[in-house]
Asks: 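Quick one: structure below, then a few questions.
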Amino acid sequence: MHFDILTLFPGLFAGAFDESIIKRARESGSITIALHNIRDYAAGRHQVTDDTPYGGGGGMIMKPDPIFAATEAVLGEQATAVPIILLTPGGRLFRQSVARELSRHNRLLLICGRYEGVDERVHQYLATDEISIGDYVLSGGEIAAMVIVDAVTRLLPGVLGDPSATFEDSHAEGLLEYPHYTRPPTFRGHPVPKVLLSGHHAEITRWRRQQALRRTWERRPDILASAHLTEQDLAYLQQLQGTG
Ligand code: ADE
């Protein structure tokens, strides 16, 4: 997977891309990342990238021409094959299913907006997708781009040591993840649930499934409706509803 990231602040990405999983994925060649400074594509001696809004009002708007120029220069011949994703709080919500969908491409271009907004012509005539990472407003799309690179990269084959790791993640199956424990067996008076020490694999699997169901029911009832549930799951949920 190749990521092109268009930003006014390439320095923000140092650290996030230079440690841990992303670092290793880059070193092994699973991913490549190219940061492109939008300012380099702005015309004139001052390389201006923003301007005041037509119609008045506060704040500055990112000009369309440097963003179009940067995208066209970076993509060249590939301009139609690569998703051009604008990070914006007005985009479709980023979820695990979107990460999975993006991971099937071999190249993504991410455009990070800044200031009060981006000229509408970028939304309408350049971007092929608009993504928001949540219902809050960040100072720019850079952190959202890091989130997408991270979530997509860990889904690529060979990036995580244990392929079942992404399988069991929260959200992978439409449920939150069950709780995890490691040594010591009792910590500050709080014991590890007995079943996990029992060695009964079937019991452990059942307990984990029920914990995932209970957590999702308690914390994220909104996602429960679209989860893949078995008859047994439904029976357990009914039992929970009965006990309140
Ligand atoms: N830019 C500002 N806020 C954002 C958000 N929530 N998601 C994506 N990009 C953004």
Side-chain angles (χ1 to χ4, degrees), residues 1-41 49 62 66-67 70-76 78-79 81-115 118 122-123 126-172 177:
M1 170 72 80
H2 178 75
F3 297 97
D4 289 294
I5 301 176
L6 274 53
T7 171
L8 285 170
F9 302 98
L12 279 175
F13 294 86
F17 290 165
D18 298 323
E19 301 278 353
S20 185
I21 305 232
I22 303 292
K23 177 187 181 186
R24 270 188 280 126
R26 293 175 74 186
E27 285 172 351
S28 72
S30 294
I31 64 165
T32 47
I33 302 175
L35 296 167
H36 309 279
N37 194 331
I38 296 169
R39 192 169 303 283
D40 294 342
Y41 299 88
T49 56
M62 285 177 77
I67 301 178
T71 303
E72 285 158 4
V74 165
L75 291 186
Q78 290 214 41
V82 180
I84 299 172
I85 302 167
L86 180 63
L87 285 325
T88 163
R92 66 179 173 135
L93 203 55
F94 190 61
R95 307 171 168 279
Q96 192 64 22
S97 56
V98 179
R100 239 179 272 127
E101 173 196 321
L102 297 181
S103 73
R104 294 188 197 109
H105 293 270
N106 53 30
R107 187 173 183 184
L108 299 172
L109 184 137
L110 306 172
I111 303 174
C112 307
R114 276 267 148 180
Y115 309 112
V118 174
V122 173
H123 293 260
L126 185 65
T128 60
D129 196 357
E130 299 183 38
I131 292 180
S132 162
I133 61 158
D135 292 336
Y136 36 78
V137 180
L138 302 166
S139 354
E142 283 78 7
I143 292 172
M146 293 177 212
V147 166
I148 290 176
V149 168
D150 190 286
V152 168
T153 298
R154 58 196 301 292
L155 291 175
L156 300 174
V159 166
L160 296 187
D162 174 7
S164 71
T166 63
F167 222 70
E168 289 168 9
D169 280 343
S170 288
H171 298 290
E177 209 177 1

Asks: Where is the tightest heavy-atom contact between Thr49 and Pro66, given as atom of each residue plus distance?
Replies: CA-CG, 4.4 Å

Asks: Is there a side chain to side chain contact (heavy atoms under 4.5 Å, CB included) between His105 and Val82 once you walk through the steps?
Replies: CA-CA 8 Å; His105 293 270; Val82 180; over 6 Å; no

Asks: Within the structure provided, determine whether Val159 and Ser30 are in side-chain contact (heavy-atom separation under 4.5 Å).
Replies: yes

Asks: Are the side chain of Thr128 and the backbone of Ile84 linked by a donor-acceptor contact shorter than 3.5 Å?
Replies: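 Yes: the side chain of Thr128 pairs with the backbone of Ile84.
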
Asks: Between atom OG1 of Thr153 and atom CD1 of Ile33, what is the distance when rounded to the nearest 0.5 Å?
Replies: 6.5 Å

Asks: If you compare all heavy atoms of Ala151 against all heavy atoms of Ala99, which two are closest, and at what distance to 0.1 Å?
Replies: CB-CB, 4.1 Å

Asks: Please indicate whether Asp18 has more than 12 foreign heavy atoms, meaning atoms of other residues, nucleotides or ligands, lying under 6.0 Å from its CG.
Replies: yes

Asks: Side-chain contact, heavy-atom cut-off 4.5 Å: Leu8 with Met62?
Replies: yes

Asks: State whether the number of non-hydrogen atoms from other residues, nucleotides or ligands found under 6.0 Å of Leu160 atom CG is greater than 12.
Replies: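 Buried by this count: over 12 neighbours within 6.0 Å.
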
Asks: Check the pair Phe13 / Val149 against side chain to side chain contact (heavy atoms under 4.5 Å, CB included), numbers first and verdict last.
Replies: CA-CA 11 Å; Phe13 294 86; Val149 168; over 6 Å; no

Asks: Give the intermediate values and the outcome of side chain to side chain contact (heavy atoms under 4.5 Å, CB included) for residues Leu75 and Arg107.
Replies: CA-CA 10 Å; Leu75 291 186; Arg107 187 173 183 184; 3.8 Å; yes

Asks: Side-chain contact test, heavy atoms from C-beta onward, threshold under 4.5 Å: evaluate it for Met146 versus Leu12 and give yes or no.
Replies: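 Side-chain contact under 4.5 Å: yes.
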
Asks: First locate atom CD of Glu101, then atom CZ of Phe94, and finally report the distance between them rounded to the nearest 0.5 Å.
Replies: 9.5 Å

Asks: For residues Leu86 and Ala127, report the shortest heavy-atom separation together with the two atoms involved.
Replies: CB-CB, 3.9 Å

Asks: Return yes when atom CZ of Arg26 has more than 12 non-hydrogen atoms of other residues, nucleotides or ligands closer than 6.0 Å, and no otherwise.
Replies: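 Counting other residues, nucleotides and ligands, CZ of Arg26 exceeds 12 neighbours.
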
Asks: Out of Val98, Ile111, Leu110, which one pairs with Ile85 under the side chain to side chain contact (heavy atoms under 4.5 Å, CB included) rule?
Replies: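 Looking at Val98, Ile111, Leu110, the match for Ile85 under the side chain to side chain contact (heavy atoms under 4.5 Å, CB included) is Leu110.
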
Asks: What is the minimum heavy-atom distance between Leu156 and Ser103, and which atoms define it?
Replies: CD2-O, 3.8 Å

Asks: I'd like to know if the side chain of Glu142 pairs up with that of Thr7 as donor and acceptor (distance under 3.5 Å, no hydrogens or angles considered).
Replies: yes

Asks: For a side chain to side chain contact (heavy atoms under 4.5 Å, CB included) with Phe3, tell me which candidate from Leu35, Leu109, Val152 qualifies.
Replies: Val152

Asks: What is the distance from atom CG of Asp129 to atom CZ of Arg92, rounded to the nearest 0.5 Å?
Replies: 4.0 Å

Asks: Which atoms form the tightest heavy-atom contact between Leu87 and Ile148, and what is the distance?
Replies: CD1-CD1, 3.5 Å

Asks: Please round to the nearest 0.5 Å and tell me the distance separating atom CG of Leu138 and atom CZ of Arg114.
Replies: 9.0 Å

Asks: Do Cys112 and Ile5 make a side-chain contact, defined as non-hydrogen atoms from C-beta onward lying under 4.5 Å apart?
Replies: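 Heavy-atom side-chain distance check passes, below 4.5 Å.
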
Asks: Please report the closest heavy-atom contact between Ile22 and Asp150, naming both atoms and the distance.
Replies: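 Heavy-atom minimum between the residues: CD1-CA, 3.8 Å.
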
